[in-house]
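Below you'll find the structure, written out as structure tokens, and then a few comments.
Keep in mind that the numbers below use all heavy atoms, side chains included, and drop hydrogens, waters and symmetry copies. A note on names: the letters A, B, ... follow the listed sequences, proteins ahead of strands, and every chain is numbered from 1.
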Amino acid sequence: MKYIYYPGCSLKSTGRPYEESLLAVFKELQIPMEELHDWNCCGATSYMSVDELKAFGLAARNLALAESQNGINGNGDPDVHIVAPCSACYLVLIKTERYLKEYKNERKAVIKGLKTIGLDYNGKAVIRHPVDVLFNDIGLESIAKHIKKPLKGIKVASYYGCQMIRPFELFDPVHYPVTLDLLVDKLGATPLDWPLKTRCCGGSLTGTLHEAGMRLNYRLLSEAKKRGADMIITTCPLCQFNLECYQDRISSYTGKKIEMPILYFTQLVGLALGIPEKKLGIHRSFIRFPNFQALEMEV
Amino acid sequence: MTFSFLRTRKWKYQKPSRIEQDKTVRRRIKYESELDIGFREKIAKMAWGERLDSCMQCGTCSATCPVSHYMDYTPRRIIDMVRQGFKEEVLNSFTLWVCASCYSCTVECPRGIKITDVMYALKREAIKQGFHPKRFLIPMLASKFYKQVLRHGRQNEGRLILSLYLSANPLLLLRNSKLAFRLWRRGRMKLFEKGIRNKASIRKLLSSIERREEEPVQ
Amino acid sequence: MTSTKQNGEVRIGYFVCHCGHNIGATIDVLKVADVIKNLPGVVISREYKYMCSDPGQEMIQEDIKEHNLNRIVVAACSPLLHENTFRRATEKAGINQYYFHMVNIRENASWVHVDKAEATRKAIDLSRAAIQRVFFHQALEKKQVSINPNVLVVGGGISGIHAALTLAKAGKKVYLVERDPTIGGLMAKFDKTFPTLDCAACILTPKMTEVKNHPNIELMTYSEVEKVSGFVGQYKATIKRKPRYIKEDVCVGCLDCIDACIYKDGKYYDEFNVGLSKRKPVYIPFPQATPQLVVFDPEACVRLKRGKCKETCVEKCDRDAIDFDQKEKFEEIEIGSVIVATGFQIFDAKKIPYYGYGKYQNVYNALEIERLVNSSGPTGGQVVMRNGEVPKKIGIIHCVGSRDEKTNIWCSRVCCTYSVKLAHLLKELSGADVYNFYIDMRTPGKGQEEFYNQVMREGVHFIRGRVAEVTDWAAEKEEQGKLIIRVEDTLIGVVRRIPVDMVVLGVGVEPHSDADKIRRLFNISCSTEGFYLEKHPKLAPFDTASDGVYIAGGCQGPKDITDAVAQAGAAAAEALALIDKGFIEMEPNTAFISEDNCSGCKSCIPLCPYTAISFDEEVFKAKINEVLCKGCGTCVAACPSAAIDQNLFTNDQIYNEIDGLLKYEIV
Ligand code: SF4
Ligand code: SF4
């Protein structure tokens, strides 16, 4: 089975390190994956606020493309697994899939629209988050076999964000998700048990309602810091951006220095697998984790 | 509730200890004739037939919402105002735009109401009816985003923010220029993006999908 | 048995009822009467506003006499409501009541349809079926069965205790079966009862002692009902007696063995104090436990687990009451009726992760607080938290596991008032500031609203809003190290964060997790949420669909002590009414075998759940005992030679009814 990679807009710009590290990790673990040809923006939350049906249309185009791109599996069933690393894309695609399944009229309208551009959608595509793929398809045990540099001695706060686990309970309990923590544990690091792991980072509010966004992020950062986290890992480019890029501003507002490295979970996995930092896009971070070098020394 | 966080010297946005209070004496009463009776039905339909009627006004949604303290009406009040037909207040409210679509409320509501979907429906209705506050960034972002994707098939964060701040408040550009520079240096920002190959197909697709919101959900 | 066809001419009277608007508004009753009039056999066809009224019944009787009718069909409401009314009327006019048949065109037609033409057609079809059926009706007599006056009461909580005492006082023999080592149930764990603040133990323990001493009550604690067979008036039940490893007749409850146990301190979860203290492997649930007997916990006792121990307890017991070789025993009892009073369980607050129960040590459920504030509880009535501190600020959260689609959707009815009570007790004992978080305050019942008002005046805060989260992340200095309650104060319209030291969860109540198992023993049905279903929600809340089986207390639905006791009394009275009548009449719906057709294959014999079929080896035919037959129809369907038929449901009757139903005309 080959996964189809749907990067979404962010992974091509601010989220570049996510893309780099994701591809590197998948390659290292020998998970076959190819990018969706000519994918388009999923519409994110903004599209839903303007026109929901068109938002579904937009997302469904990607699903339809994926279905036409992937072949048939051994049993003759279509076997389309789309990997959407950006949590926002992930949710939009899933919501589209679910709602089109549930509501006939909307499904008809969207499929009619897709036909005008020569596509068809039959609801077979399965949407997956890389966390889900690593956890459920690959399995922690087989990841463990590839570990070259166990991440001993660092305390990692996993930040799940909203869209990956809400509102549909897909692979993790909505109130207290655990997959990332188990993964962190497997990599040799210490997972941090903290209550804000699913609290919203504000999404696009950091750009539009600045104060609200700043404050939400301040809460997350300061709480992680207070509980002794060495870093926070995220699963979404927007969460990562919000948590990382405003730290200097938050520090200057509050007068408290906050320097918390924010990594993508794939970067962390990559480090443990012994992939060079450069390939994981770690050099693109604003805040460097001082001990990365030391980590490499250790082994 | 005190905002100790805001009390620190450098926070520039809001003087927190000052409680904002409208000092003018105002007459407040709502006559039945001012209410829009069909509003509840309409929004419920737009939000996939959501059962607003069963809300018991428990406030779980507001309390769980990470941004409800920036809202003029908490999500709970919005739900009741929709049911009672307070259309103008609801569509004029900041609440819709402050909502970050984080789905916290939806997963907690003890009556299983999908509040996030209701918020989306209200946003759409507010845009359609031209209600949203002028020069308010959030709805502007939504419509800029909408247009950009329509044109290129993809969205480019740099350019999106650029055009948003340009038309809203160029000062914001200044404030964020350092951030933009840092991103650019690390290769995390491009102002130009190819977009998708077949741009016309997006326009064709979207123009062929039109649903009149009033149409009943099956 | 005489066949109808030999009865000569069939003369049917048909009566259709408007039931006011209930039927009349959706069904064209005049038309129905008109169409039926022309069917073969129908002598008279009438409609009337209320057939069940006196004039309606008189009309039937007069018509029977005047027109010499010998079959009566009434199309009206459900037979559950008025079948008996019309049967009596028929009998009064001098013909056998089983020549009467009832058609339900209300629940089955008018109430469930909107299209008048279609509903009318359905009423006609149903009536035609009945008309064809009654041709084959026969004169039958009701059966009489005698009633065994002994009663089984299942569950030794306050409901079971009260029911058992009521029956015993009336001179009936009662078997009271309780699965725990002591009776007393949940009430025994409570501190004070609302709204009067009576001490729960003070009012309960005298009743427990009375049960123990009453000559008419046979108390079977640490026992479970294993099997039930038979039918109303003649039940047999098998009771499993779990081994206590104590000779019940020898032990005097001196408790020396507990002191002598090799464990110097308690080590195991103490059920009575809901885990707030620990007990030893040999224990007595609480000082007033009834009966006063110790129990050995086989999971904990070293001797029982490993077969080897110093057995200091045995050494100490000078009466030689300890017997480690005891085994489970089964006893069979015969009873005529049963009262099921198995109660409810409290909601497990761990199912709501965001309230932090089981995660933060100072989050308690209400039952734990009942023990904590009790002067004979684990802390001697001191409000000391698990971390050893006395709380200064306490939050009580209502509706935990109630009114929530994700857990239980019903209102648990007792939590509001008990939360108010706990607020009062906690404030009184610790001097703390107490906050109650409620969605809607529900304090119905005598004296409860006044009690709420009193507690308000004591200075307890009441905030209207459902708590979204109990958490330990602090947003400001004052919140450090506290539990923070996030809630919208809905009356003010603002979200608040309230730091407290202790959180009390007002957990709701729900059916026992094994309620289903017990329900099946007695053939009781249940509502969707799992509480046992009463026969009628208003008029028979203590009766069930199984004759002679009554329900009382928490197993039927959430209720407080007052209501549980009232219901238990009602159930006992109902059982007494049954017993004192001495016999019951049963529908003559027994199966019978036509000997000519029976091939003697014996297929029916093992199928009968009531062992009513025997085999006569001499004539090589099966035989049905009419007294034992309950009319379930299993054998009728199973007989490969179609030799079995059932009264009230003979093949002739059913086939003709179907035929009538299918004579579907475009009208
Ligand atoms: S959580 Fe649900 S029931 Fe409670 S106020 Fe909000 S919408 Fe209403
Ligand atoms: S979805 Fe919107 S209203 Fe609901 S909790 Fe999140 S931000 Fe608040």
Are C/V495 and B/H69 close enough that some pair of their side-chain heavy atoms sits under 4.5 Å apart?
no

Answer yes or no: are there more than 12 heavy-atom neighbours, outside C/K392 itself, under 6.0 Å from its atom NZ?
no

Just checking heavy atoms, which of residues 403-421 of chain C are less than 4.5 Å from chain B?
C/R403, C/D404, C/E405, C/K406

Reported CG-to-CE distance for the pair C/D440 and B/M56, which is rounded to 0.5 angstrom:
7.5 Å

Rounded to the nearest 0.5 Å, how far apart are CD of C/E488 and SG of B/C65?
10.0 Å

Donor-acceptor pair, distance only, cut-off 3.5 Å: does the side chain of C/R466 make one with the backbone of B/G59?
no

Rounding to 0.5 Å, atoms SG (B/C58) and NE2 (C/H398) come to a distance of 14.0 Å

Is it the case that over 12 heavy atoms from other parts of the model lie below 6.0 angstrom from the CD atom of B/E88?
no

Using heavy-atom distances under 4.5 Å, tell me whether C/F437 contacts chain B through its side chain, its backbone, both, or neither.
neither

Is the shortest heavy-atom distance from the side chain of B/Q57 to the side chain of C/T490 under 4.5 Å?
no

Do C/E469 and B/T64 have side-chain heavy atoms sitting under 4.5 Å apart?
no

Quick check on C/K116: does its NZ atom have over 12 non-hydrogen neighbours (other residues, nucleotides or ligands) under 6.0 Å away?
yes

For residues 137-150 of chain B, run the donor-acceptor check on the side chains, cut-off 3.5 Å, and write out each pair with its distance to 0.1 Å, sequence neighbours left out.
{"residue": "B/S143", "atom": "OG", "partner": "B/M140", "partner atom": "O", "Å": "3.1"}
{"residue": "B/K144", "atom": "NZ", "partner": "B/S167", "partner atom": "OG", "Å": "3.2"}
{"residue": "B/Q148", "atom": "OE1", "partner": "B/N156", "partner atom": "N", "Å": "2.8"}

Does CD in C/E529 sit with more than 12 non-hydrogen atoms of other residues, nucleotides or ligands closer than 6.0 Å?
yes

